[in-house]
Amino acid sequence: MRRLALCFAPFLLAGCAMLSSQPSAPSGPTPDDNLNAVLWTRTSMEHDLIYREVYHQAAQQLAKALADPSWDALSTQDRHNNFTDLPPAVVLDIDETVLDNSPYEAKLARDHGQYSSATWADWVREQKAKALPGALAFARYAAAHGVQVIYLSNRAQDLDKPTLANLKADGFPVSGDDAFLGLGTSVSGCTQHGTSKHCRRVEVGRHYRVLVQVGDQMGDFLQLRGTPAARKAELKPYLDWFGQRWFVLPNPTYGDWESAAFGGDYSLTPAQRRAAKLKALRYP
């Protein structure tokens, strides 16, 4: 009787061909571009080991920098003054650099949600982000050696209270009015462009000799502008600084690298963004 379901009869061939050409309805959950990235961040041993490795190397370089009065980790973009007599500081990004926001990303993945400034602010106000591996030890090491720890973040400046409370609850050293420099911080004599950290680094440089910078995005170290070729040329003089003065941590969940694939156009649907990402892949 099962043979009756097969299209062997000549008069059924045309109908079967029509049926077989119909696209099948998608089954299972909607594809999530961020699922594997969040899974790796939340569960892999490699993630934690990389963070420990980077911060261990940063601490070793910090010891060298303290002994070398000519050492400075600000680019010529950001350093506009003599620094040799200034007190030392380290500049740390916050999100995915010292605090782990993967629970927020995991909730979005679970609920098929997307980032929004409202849900992000709610997460920040919960003050539940935990220290990333190696970050707390490095920050404490710096503070113990008389180095000011400055958290330069693109969290909005009006989220300063929950951010500082979260850092303190996790045991991070927080001291001084310039401990947290968030997005929206006003810097005299410097015009803010978008989310660039340039002006805030200039402000730090006015008061400190910066020994080490740690972040997860290129914008944490340098303001890169123009075409991809121009950006590479702007970065080239500083390539030897990575692993010496600048330390980059992995963040596969978000960043300029992702939005660049679809031209930063967030009006596109997730499917349209995914198509643009596929087009941007480098094939052999």
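No hydrogens, no waters, no symmetry mates; every other heavy atom, side chains included, goes into these values.
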- Message: Any heavy-atom pair between the side chains of Phe247 and Asp220 that's under 4.5 Å?
- Response: no

- With distance as the sole test, does Trp40 use its side chain to make a donor-acceptor pair with the main-chain N or O of His47 at under 3.5 Å? no

- Item | Lys277 atom NZ: more than 12 heavy-atom contacts under 6.0 Å | yes

- With distance as the sole criterion, is a donor-acceptor pair present between the side chains of Tyr254 and Glu96 under 3.5 Å? yes

- Task: Could you pull out the closest heavy-atom pair between Asp178 and Ile150, with the gap in Å?
- Result: O-CG2, 3.5 Å

- Item | No-hydrogen, no-angle side-chain donor-acceptor test under 3.5 Å, Thr253 and Glu105 | no

- Message: Applying side chain to side chain contact (heavy atoms under 4.5 Å, CB included) to Ser188 and Arg206, what does each step give before you reach the verdict?
- Response: CA-CA 11 Å; Ser188 63; Arg206 290 170 178 172; 3.4 Å; yes

- Query: Is the shortest heavy-atom distance from the side chain of Asn34 to the side chain of Leu108 under 4.5 Å?
  - Reply: no

- Below 4.5 Å, heavy atoms only, C-beta onward: do Val174 and Tyr151 meet side chain to side chain? yes

- Task: Report the residues that fulfil salt bridge (charged side-chain N to carboxylate O under 4.0 Å, His left out) with Arg155, sequence neighbours left out, ordered by chain and then residue number.
- Result: Asp95

- Take the angle between the ring planes of Tyr104 and Tyr115 and call it parallel below 30°, perpendicular above 60°, tilted in between. perpendicular

- Message: If I compare all heavy atoms of Leu183 with all of Gly194, which pair ends up nearest, and what's the gap?
- Response: CD1-O, 3.8 Å

- Taking it one step at a time, do Phe262 and Arg274 satisfy side chain to side chain contact (heavy atoms under 4.5 Å, CB included)? CA-CA 8 Å; Phe262 53 86; Arg274 186 176 304 117; over 6 Å; no

- Query: Under 3.5 Å, side chain of Arg225 to main-chain N/O of Glu234, donor-acceptor pair present?
  - Reply: no

- Query: Nearest 0.5 Å, what's the CZ-CZ distance between Arg245 and Phe221?
  - Reply: 14.0 Å

- Main-chain N/O of Ser102 paired to Asp100 side chain as donor or acceptor, under 3.5 Å: yes

- Item | Intermediate values then yes/no, salt bridge (Lys or Arg N to Asp or Glu O under 4.0 Å), Asp33 and Arg273 | CA-CA 10 Å; Asp33 291 354; Arg273 295 181 207 172; over 6 Å; no

- Task: Classify the ring geometry between His145 and Tyr141 as parallel (under 30°), tilted (30 to 60°) or perpendicular (over 60°).
- Result: tilted

- Item | Over 12 non-hydrogen atoms of neighbours within 6.0 angstrom of CG in Asp68 | yes

- I would like to know whether Gln57 and Gln61 meet side chain to side chain contact (heavy atoms under 4.5 Å, CB included); could you show each step before the answer? CA-CA 6 Å; Gln57 178 67 14; Gln61 292 301 112; 3.7 Å; yes

- Of all heavy-atom pairs linking Cys190 and His198, the shortest is SG-CD2, 3.9 Å

- Message: Determine whether Met218 and Trp257 satisfy the following criterion, side chain to side chain contact (heavy atoms under 4.5 Å, CB included), listing intermediate values before the conclusion.
- Response: CA-CA 9 Å; Met218 286 311 306; Trp257 57 269; over 6 Å; no

- Please check if the side chain of Gln148 supplies one atom and the backbone of Pro87 the other of a donor-acceptor pair under 3.5 Å. no

- Message: Please check this pair: side chain of Gln192 against backbone of Ser196, looking for a donor-acceptor N/O pair closer than 3.5 Å.
- Response: yes

- Item | Side-chain donor or acceptor of Gln213 paired with backbone N/O of Trp246 under 3.5 Å | no

- Rounded to the nearest 0.5 Å, what separation is found between the CG atom of Leu66 and the CZ atom of Arg209? 7.0 Å

- Item | Asp72: partners by salt bridge (charged side-chain N to carboxylate O under 4.0 Å, His left out), with sequence neighbours left out | Arg79

- Query: Quick one: are Leu167 and Val98 in side-chain contact, heavy atoms under 4.5 Å?
  - Reply: yes

- Nearest non-hydrogen partners of Gln127 and Pro162, listed with the distance: CG-O, 3.5 Å

- Note on the structure: Minimal heavy-atom distance between Phe180 and Ser153, with the atoms involved, is CE1-CB, 3.9 Å

- Query: Is there a donor-acceptor contact under 3.5 Å from the side chain of Asn81 to the main chain of Gly205?
  - Reply: yes

- Picking from His207, Arg201, Arg200, what satisfies side chain to side chain donor-acceptor pair (under 3.5 Å) with Glu203? His207

- Relative to the ring of Tyr55, is the ring of Phe138 parallel (under 30°), tilted (30 to 60°) or perpendicular (over 60°)? tilted

